[in-house]
Structure formats: C-alpha cells, structure tokens
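Small disclaimer: the values here were computed from a predicted structure and weren't measured. Values reported hereafter were calculated over all heavy atoms of this structure, with side chains retained and with hydrogens, waters and symmetry mates removed. In this chain, numbering begins with 1 at the start of the sequence shown.
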Amino acid sequence: MKLNKESMKYIIILFIVISYYLLTQQCLISEFKSLPSPLYGGDYYFQLGSITHMMEGGNPLEAHNIKGSEPGYFILYSFLVACIGYLFSLTPIIAMFAFSQLLIVLSLSVIYLSMYYIFKNHWIALLGTIVYLPITKFPILLYNSFTHALVVPLFFFTLYYFFENRNIKSGILLGLTIGLMGISHGSAFFAANFSLLILFFYFILFQNISIKNFSIKIKLNKEIYKFFGLFLIIFLIGFSISLLYWYKPIFVYHGKTLNDMQNWAFINLSNFSYQIEFLFHILQIYFFNFSNIKVFFISLLSLFGIFFVFKNLEDKKAKYILLLLIIAILSTFHYFITEPLLGTHFVPQRISYFTFPLTAMLLFCFTIEKLISIKEIKKYRLPVVLLLLLIILFAQHIEFQQKVDTDKWVQVGKQPLSQDILETKKWILSNTCINDIFLSTNELSFALNALTGRKVMITRRSQNSPFLDIDQREADAAIILYGNNSKKRKELLKKYNIKYLYWSNYWIQSEYYFDNQGKITGWFDPIIVKDIKNYKSYFDNYNISYFSLNTWIDPAVKGEKIRKYDLLFVSPQNYRSFEKPWVEDLDNYLKEVWNFKYENQTLARIYEIKI
C-alpha cells in the first residue's frame, strides 16, 4: 500500500478504530484484580502458569506443570507474553493484560493490510477487520484466541500471497507462517498443513480444470516438478520450525495419544447423529445465524458471498475464497472419514474456529464489493459503507458492554484472590526453585502451578499434553498418599523427585462433596484412572480403597453427547483426617516449613519432603 493523502485518510480512520479498542479494553482490564477465570481448572490460569514458569527461568520448550512433558498449551503465546513481562518488569498477569493491548494494534493492522492487499479497497478492509475481530473478542488472554487473532490471519494472507505469486519469496513467507501455526496451536497446524495439501492439488490438477458439455476434464500441470520442489521447500521450512513442539510427538510418541482428550473432552463424534448435528451447527453459526440482527446480517451476506464467488470465478479473489471454503469444509468435517477409519478425530471444533470465521469474513467482504459495484448503489457507496461500519461498531460495543455487565467470570476478575492463596503464592515464589515438584490434589496442584509456575506431580487431566500417561501418574499419586507400603511410597517419591507437599483446607472439597451425614453427594476432581492396565490389582496390592463408575472423565465436560468411560475413583474412605488426609506413614517423610493461619484456623500448609 502506497502512502499518499488518500491512504493516510484511511490510516487515520484505522487509528481511530484501534484507539477505540484500546480505550474500551483498558477500561475493563483496569478493574481486574485477578484473571476473569476460575482459579481451579480455568484456562486463563493455566496459561498464567506457563507464562510465570518462563518468566521465572523455566524451559519454554517443556511443560510448565509436568517435568519432562510437552507443554499442554502451545508455546508461542506464552513465550511472547513472558518476553514482554521480562523486558518491562511486569508481573505475569499484568504482562498478559499489556500483551492483549499490543495484540489490538498488531492484529487489527495485520488484518487491515491483508484485506487491503486482497480487495484493494480501504473501506472493505476496515469492514473485514472489525467483522473478523470485534471488540468482544478482547481481552485476549489465551493461546488459541491469540492464534485466531494474529497467527491465522498472517497464515491465510501469506497463503493468498503465494496463491498469487507462486515464487520462492512467497513460498518462504508461507513456510514461516506454517511454522508459526505449528508452535501456536495443534489444530491450527493441522489446518495449515491441510491447506498446503489442498493448494498443492489445486496447482497440480485443478488449476487447469475445464467444464464442457457437463463433463469435467482435469489437465496435469506441465510444471509439476517445479511446483513439487516449491511445495517441498515450503513444507520443510514450516516443519522445521514446528519441531520446537512437534519433535517428540512425531518421532518419540509416533502420534500415539495416551491422554486422548480429543475423545473425552469434546462431543462424541463416533455417533453419526452427532456428526450430522455438528455439521449443521457450524453451518448455522456462519451462514444462518439468527442470534441477533447484526450477526444475522453478516451471516446472510456471507451466504450471498458463496453465490457471488461462483458467479465470478474468473476473479482471482473468488478462486481463493472458494479454495478457503473447501479447506474449511473438508478440514472441519474430516471426522466423517477419520472416525470410521481411525476411531478418532483431530478436534473439528478447534479447526472450525481457525478456518470458518476468516472464510466467512472474506465471503462477507466479497459480497460488499459486488453490491457497491452495482450501478444504482455505486454513487452512494462511501456513505453506505461508512454507515455500515458505524452500525457494526455500535452493535459490537453494545455486546461488549453486555458482557462486561453480565459475564460471571468478568465479575470474578474484579475481585482479588483470597489471602491464603496469595500468601501461599508469595512463600513458594520466594523459597522454592522453578523446577521443584509439588504433590497435592489435582485442583490444588493446578492452582499452585498456575500462580507460581512450579512443577506438580498430578493436576487437572484436560490441560496436559495429549501424549502424557496421566493415568499412571494418578495411580502412583494414590499409592504415595494412601498406600500401605512404605518402600513403594519411598520409591515413587524418588521416581517423581517430589520436593514438597501442599495442603489446603480445600483439599477434600477439591475432590468430593458430602452431605451432613457424610455421604458423597458429588465430586469435583478426585484421583481417577481409566479401568485399564490392571489398575484394580495395582490399587488392591497397596490397599487403596476405590469404586468403579462408568461416567465422564473431565469435571467440566459432561452431558449426553460426551463419551463416558469405565473409571476407578480413589475413594474418600482413604482419608485419615481433615488436616492430614494421607496415611500416617507419609508423615515420616514430611517436615512442615510454612503455614498460613487466619483467626486461629490453619488454612494452608507446605511440607518439605525428606527421603
């Protein structure tokens, strides 16, 4: 884009839009005293743990919570936020808020410039920018939202740039953004490689497609070897960067997911009726959405965009948008093939999030471009598009304000964490090392890691690496805490190199709920293992009380569409007392090094483990 008086006018408008986003977000985050998320199991807090771990000197290529594992959340977002925090001496939470402000500037600028490059129209670029990334998406405090806001637009722009130029320069840029997708999010990496595959077949086979007399003739591209070499370079660049995360999953684990969260943390897509339901659900969101007038209008124009694309296939933009629509459909609904053949899927909910919104936005913009080119509308196009821009911005502001006023977790973020939790965090940060390992319940371990970045033996199952054998860790934790064999306990304490045990008055409640008669009324996140690998006999050998249930694995993901498993629950019958739930023999290894009391009641203790 050349800078002249005309373009400067639109850059000023973009600056005004960015300033509005910045001011609106700042008004919200200035009220936060903690993260707008549950402390126990909340995604934002898990993300905080990753950032804290890096800022405290932890290895960015290793999981911040489990020693030797791959990160549960991909590394690029955490690394960038940690760099901002380190450079400007910010606390991890403030660094997250500051980076969300920076993302407004980066994301809106990248999307605007990309859209202008594609459509050569400033107004359409502005419209596309606010449609794809409304103010309601902010604050962005999570790696998947970061990927959606910045990395995905960068990737699909470089894909278009390569689609248009097909040379080494554009190929290198595309390879770099594929690599960024590979270290930003697993589903984004799948979408990127799938896009590259579809583009390869387009150039080799379908670019020269012709339709005559209702028959289709496909001609093989004469430059097949040239394109093969170019695509190989692109793939190798992207793959090499992605190995920062993907080396062990590919070359060590060979893709085998021991912690198969794609099957138990999402709807059961082995069920054909759920497959069809999900398909219509996605199409309804982007093309038949009646949730409010603004969304209906945008989705309707996106739907019209499909018609205009097919009507204008001689237009390079139309071909590219059609290609993206095919990529979005095939990559999202891949489960129709993978479920019967492989018995699994690659999380289509996430893939749709990285493909359909941008595709729908481009369809919307293509419709606007064709409508304002109509003779009767053309002379009014500037006031029409400007009015449309203002209406969409106003509607989005209303939605944002409703979120601020009514969202449960926004209200939680306006309250500070409890004093016992803050004092626990303070002591751990001041007195332990970044790779020291703590033992506690799943949820207490989750919160401890989130606030300090310290390692834990066990934690909430769903936010770990899919390649981690979490069942073995859960079973071993049960033996350490409740087993009757001191020799085995000592062996496991050494195996996992556990340095501390953390107790809180929330220990029992973080696992089970009881009525006044002491009967179990429900559970939160106790020690659970799948009923596999002879875990029953393992528990029996060490006198662990347990009970069997066929139910859901994740405490936050339940319902008739979610897959159930045969599970073994470590029973509350193992508890010795409220303040010391573990077996008495474990006390022989414990030395209390810190506690927090409030009104003569002990709320938290930390024990050093001496072997």
Side-chain angles (χ1 to χ4, degrees), residues 49 53 56-59 62-69 424-449 451-459 464 468-505 507-508 510-511 526-527 529 533 535 537-546 570 574-596 602 604-611:
H53 184 72
E56 288 280 311
N59 182 357
E62 182 180 81
H64 65 279
N65 59 340
I66 301 294
K67 182 69 176 175
S69 177
T424 302
K425 169 188 172 182
K426 181 180 177 181
W427 188 90
I428 291 173
L429 289 174
S430 301
N431 295 276
T432 66
C433 299
I434 188 61
N435 288 317
D436 284 346
I437 299 172
F438 283 74
L439 173 62
S440 192
T441 68
N442 284 322
E443 294 298 329
L444 290 178
S445 296
F446 178 97
L448 181 150
N449 168 258
L451 296 173
T452 68
R454 271 37 177 185
K455 307 280 189 179
V456 292
M457 180 186 172
I458 57 172
T459 183
N464 287 294
L468 178 69
D469 190 352
I470 191 67
D471 286 301
Q472 187 63 58
R473 283 180 166 267
E474 293 274 302
D476 288 343
I479 304 305
I480 293 172
L481 291 169
Y482 309 118
N484 64 355
N485 188 307
S486 185
K487 182 179 178 182
K488 182 66 175 179
R489 188 179 349 273
K490 185 176 181 179
E491 173 193 322
L492 292 173
L493 287 170
K494 286 183 176 180
K495 174 185 175 181
Y496 292 101
N497 195 24
I498 300 171
K499 294 289 185 69
Y500 297 96
L501 184 143
Y502 168 52
W503 173 87
S504 155
N505 64 341
W507 180 294
I508 291 176
S510 73
E511 296 194 318
I527 294 177
V529 298
K533 291 173 60 175
Y535 282 128
S537 60
Y538 188 52
F539 285 164
D540 290 337
N541 288 342
Y542 296 104
N543 199 34
I544 300 293
S545 296
Y546 62 89
V570 174
N574 294 289
Y575 297 151
R576 176 167 49 129
S577 67
F578 176 79
E579 291 199 353
K580 291 189 174 182
W582 50 86
V583 293
E584 186 174 357
D585 179 68
L586 183 56
D587 289 336
N588 296 324
Y589 303 97
L590 303 181
K591 176 187 176 183
E592 184 175 329
V593 291
W594 178 84
N595 65 65
F596 177 80
T602 303
R605 286 192 178 96
I606 293 177
Y607 299 88
E608 187 176 4
I609 294 179
K610 299 285 189 179
I611 302 177

- Item | Point-to-point distance, once rounded to the nearest 0.5 Å, from CG of Asp476 to CG of Asp471 | 11.0 Å
- Value for CG (Asn505) from CZ (Arg605), rounded to nearest 0.5 Å, stands at 10.5 Å
- Query: Taking Tyr482 for the side chain and Asn543 for the main chain, is one N or O donor matched with an acceptor at less than 3.5 Å?
  - Reply: no
- Query: Do Tyr546 and Asn574 have side-chain atoms, one donor and one acceptor, less than 3.5 Å apart?
  - Reply: no
- Query: Can you find a pair of side-chain heavy atoms, one from Lys455 and one from Lys499, that are under 4.5 Å apart?
  - Reply: no
- Task: Taking the side chain as every heavy atom from C-beta outward, state whether Leu590 and Ile609 have any atom pair closer than 4.5 Å.
- Result: yes
- Query: If you take all heavy atoms of Ile434 and Gly453, which pair is closest and at what distance?
  - Reply: CD1-O, 3.6 Å
- Let me know which of Tyr502, Tyr575, Trp507 forms a ring-ring contact (aromatic ring centres under 6.0 Å, His included) with Trp582. Trp507
- Between Arg489 and Asp585, is there a salt bridge with N-O shorter than 4.0 Å? yes
- Message: Could you report the tightest heavy-atom contact between Glu511 and Pro526, atom names first, then the distance?
- Response: O-CD, 3.5 Å
- Note on the structure: In terms of heavy-atom contacts, Asn59 and His53 come closest through N-NE2, 3.7 Å
- Message: Is any side-chain heavy atom of Thr452 closer than 4.5 Å to one of Glu56?
- Response: no
- Query: Can you find a heavy atom in the side chain of Leu492 that is under 4.5 Å from one in the side chain of Tyr496?
  - Reply: yes
- Item | pair Val593-Trp427: side-chain heavy atoms closer than 4.5 Å | yes
- Task: Check Val583 against Gly483 and note the closest heavy-atom contact, atom names and distance.
- Result: CG2-O, 3.7 Å
- Query: Does the pair Asp469 and Lys533 meet the rule for a side chain to side chain contact (heavy atoms under 4.5 Å, CB included), with working shown?
  - Reply: CA-CA 12 Å; Asp469 190 352; Lys533 291 173 60 175; 3.0 Å; yes
- Item | Residue Glu579 excluded, over 12 heavy atoms near CD under 6.0 Å | yes
- Quick one: side chain to side chain donor-acceptor pair (under 3.5 Å) pairs with a partner in residues 429-440, sequence neighbours left out? Thr432-Arg454
- One should read off an interatomic distance between Met457 CE and Leu501 CG, to the nearest 0.5 angstrom, of 11.5 Å
- Over 60° means perpendicular and under 30° means parallel, so classify the ring planes of Tyr542 and Tyr538, tilted if in between. perpendicular
- How long is the gap from OG1 on Thr459 to CZ on Phe438, to the nearest 0.5 Å? 13.5 Å
- Item | CA sep, side-chain torsions, deciding dist, call: Tyr500, Glu608, side chain to side chain contact (heavy atoms under 4.5 Å, CB included) | CA-CA 5 Å; Tyr500 297 96; Glu608 187 176 4; 4.1 Å; yes
- Task: Identify the heavy atoms of Ile437 and Val456 that sit nearest to each other, and give their distance.
- Result: CG2-C, 3.9 Å
- Angle class for the Trp503/Phe578 ring planes (parallel below 30°, perpendicular above 60°, tilted otherwise)? perpendicular
- Note: Ser510 and Thr441 closest approach over all heavy atoms is OG-OG1, 3.0 Å
- Qualifying residue for side-chain hydrogen bond (donor to acceptor under 3.5 Å, both in side chains) with Glu491, from Lys488, Lys487, Lys495: Lys488
- Would you say the side-chain atoms of Asn449 pair up with the backbone N or O of Ser445, donor to acceptor, closer than 3.5 Å? no
- Message: Nearest 0.5 Å, please: how far is CD in Gln472 from CD1 in Ile458?
- Response: 13.0 Å
- Query: Does the side chain of Lys67 reach to within under 4.5 Å of the side chain of Asn497, using non-hydrogen atoms?
  - Reply: no
- Side-chain contact, heavy-atom cut-off 4.5 Å: Thr424 with Ile606? yes
- Answer whether the closest heavy-atom distance between the side chains of Val570 and Phe539 falls below 4.5 Å. yes
- Query: Just how far is it from atom CG of Leu444 to atom OG of Ser504, taken to the nearest 0.5 Å?
  - Reply: 5.0 Å
